[in-house]
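Each remark here refers to the structure printed beneath this line.
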Amino acid sequence: MTRIGIILGSTRPGRNGEAVARWVYDIASQRGDAEYELVDLLDYKLPHLDEALPASMGQYANPHTLEWAAKIASFDGFVIVTPEYNHSTSGALKNAIDFLFAEWNNKAVGFVSYGSVGGARAVEHLRLVAGELMMADVRAQVALSLHTDFENFSAFKPGPQQANALGVVLDQTVAWSTALAPLRAG
């Protein structure tokens, strides 16, 4: 069965992303089209990139990198939950992505973002990174506004249309993950 990792891309204390990622996981896990797993960056304790060789060489030396690589390699695709900080994604997420290369290749990725303008600018940056990593980013996106989908900018209360938007992201991510399977096998 297709395996989709839902990556929680914030490590900040009091982060809004934890509630968002759990919402994504709760909805996704009710579907029968894939196996979904929540992956919290806090569980991996990745330091600032500390591998001597470029990730594209695949010669990881550190135990934390090897653990992270094994986790990412176990998935066929991803839904990344990202905040928007300063018109981009979080440094922790970008760092986690930069640790690896081949483990991301030929996999689909969908995005759920949040911020003052729905996190749209963070996703635009991540789409560029996904292209370099040979990932197929799906067109649909969930953009959660701090103004309308969070009460007092912190309590997650998504509008009813957001579950439908998430369904489209999941549909596209699973479809593309399945379609890319022959490239991962080759």
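These numbers come from a predicted model, not from an experiment.
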Name each donor-acceptor pair under 3.5 Å that joins a side chain in residues 130-144 to protein atoms two or more places apart or in another chain, with its distance.
unit_1	atom_1	unit_2	atom_2	d
D137	OD2	R127	NH1	2.8
Q141	NE2	S113	OG	3.1

Smallest heavy-atom separation, I6 atom then A28 atom, equals CD1-CB, 4.2 Å

> If two hydrophobic side chains count as joined below 4.5 Å and joins carry through other members, does L38 share a cluster with I27?
Replying inline: yes

* Does a side chain donor of either S90 or S10 reach within less than 3.5 Å of an acceptor in the other side chain? -> no

side-chain contact (heavy atoms from CB on, under 4.5 Å) with N95: of L49, D50, L41, only one passes, and it is L49

The ring-ring contact (aromatic ring centres under 6.0 Å, His included) partners of H87 (sequence neighbours excluded) come to none

Do L8 and I4 belong to the same hydrophobic cluster, where Ile, Leu, Val, Met, Phe, Trp and Tyr are linked whenever their side-chain heavy atoms lie under 4.5 Å apart, directly or via other members?
no

Heavy-atom closest pair (S116 atom, R121 atom, distance to 0.1 Å) is OG-NH2, 3.9 Å

Under a 3.5 Å distance rule, please check whether E51 uses its side chain to pair with a backbone N or O of A61 as donor and acceptor.
yes

Under the side chain to side chain contact (heavy atoms under 4.5 Å, CB included) rule, what do L100 and T65 come out as? Steps first, then yes or no, please. CA-CA 8 Å; L100 309 175; T65 309; 4.2 Å; yes

So does A69 get a backbone contact from the side chain of E103, meaning a donor-acceptor N/O pair under 3.5 Å?
no

Electrostatic pair E18-R22, nearest N-O below 4.0 angstrom: yes

Under 3.5 Å, side-chain donor or acceptor atoms of residues 153-160 against the rest of the protein: list the pairs with distances, not counting sequence neighbours.
none

Between L46 and H64, the two heavy atoms sitting closest are CD2-O, 3.8 Å

Quick note, ring-ring contact (aromatic ring centres under 6.0 Å, His included) partners involving residues 28-60, not counting sequence neighbours, are Y44-W68

Would you please test D149 and Y114 for side chain to side chain contact (heavy atoms under 4.5 Å, CB included) and show each step?
CA-CA 9 Å; D149 293 304; Y114 57 95; over 6 Å; no

| query | How about H125 and T89: does a side-chain donor come under 3.5 Å of a side-chain acceptor? | reply | no

* Polar side-chain atom of S88 near backbone of Y85 as donor-acceptor pair, under 3.5 Å -> no

Item to complete: Indicate, with yes or no, if F101 and L66 share a hydrophobic cluster defined by side-chain heavy-atom contacts under 4.5 Å among Ile, Leu, Val, Met, Phe, Trp and Tyr.
Response: yes

- Query: Using 4.0 Å as the upper bound for N to carboxylate O, is an ion pair formed by D43 and K71?
  - Reply: no

Paired with I7, the side-chain contact (heavy atoms from CB on, under 4.5 Å) test is passed by just one of V109, V79, L93, namely L93

Decide whether L146 and V24 are clustered together by the hydrophobic rule: side chain heavy atoms of Ile, Leu, Val, Met, Phe, Trp, Tyr closer than 4.5 Å, transitively.
yes

Those residues at least two apart in sequence (or on a different chain) that pass ring-ring contact (aromatic ring centres under 6.0 Å, His included) with F78 are F75, W104

Are V168 and L166 linked, directly or through intermediate hydrophobic residues, by side-chain heavy-atom contacts shorter than 4.5 Å (ILVMFWY only)? no

* Asked: Would one find more than 12 heavy atoms of other residues, nucleotides or ligands at under 6.0 Å from atom CG of N164?
  -> yes

Only distances under 3.5 Å count here; give the side-chain donor-acceptor pairs of residues 175-186 to other protein atoms, sequence neighbours excluded, each with its distance to 0.1 Å.
unit_1	atom_1	unit_2	atom_2	d
S177	OG	D76	O	3.4
S177	OG	T173	O	2.7
T178	OG1	T2	OG1	3.4
T178	OG1	V174	O	2.9
R184	NH1	N106	O	2.9
R184	NH1	S177	O	3.1
R184	NH2	D76	OD1	3.3
R184	NH2	S177	O	2.9

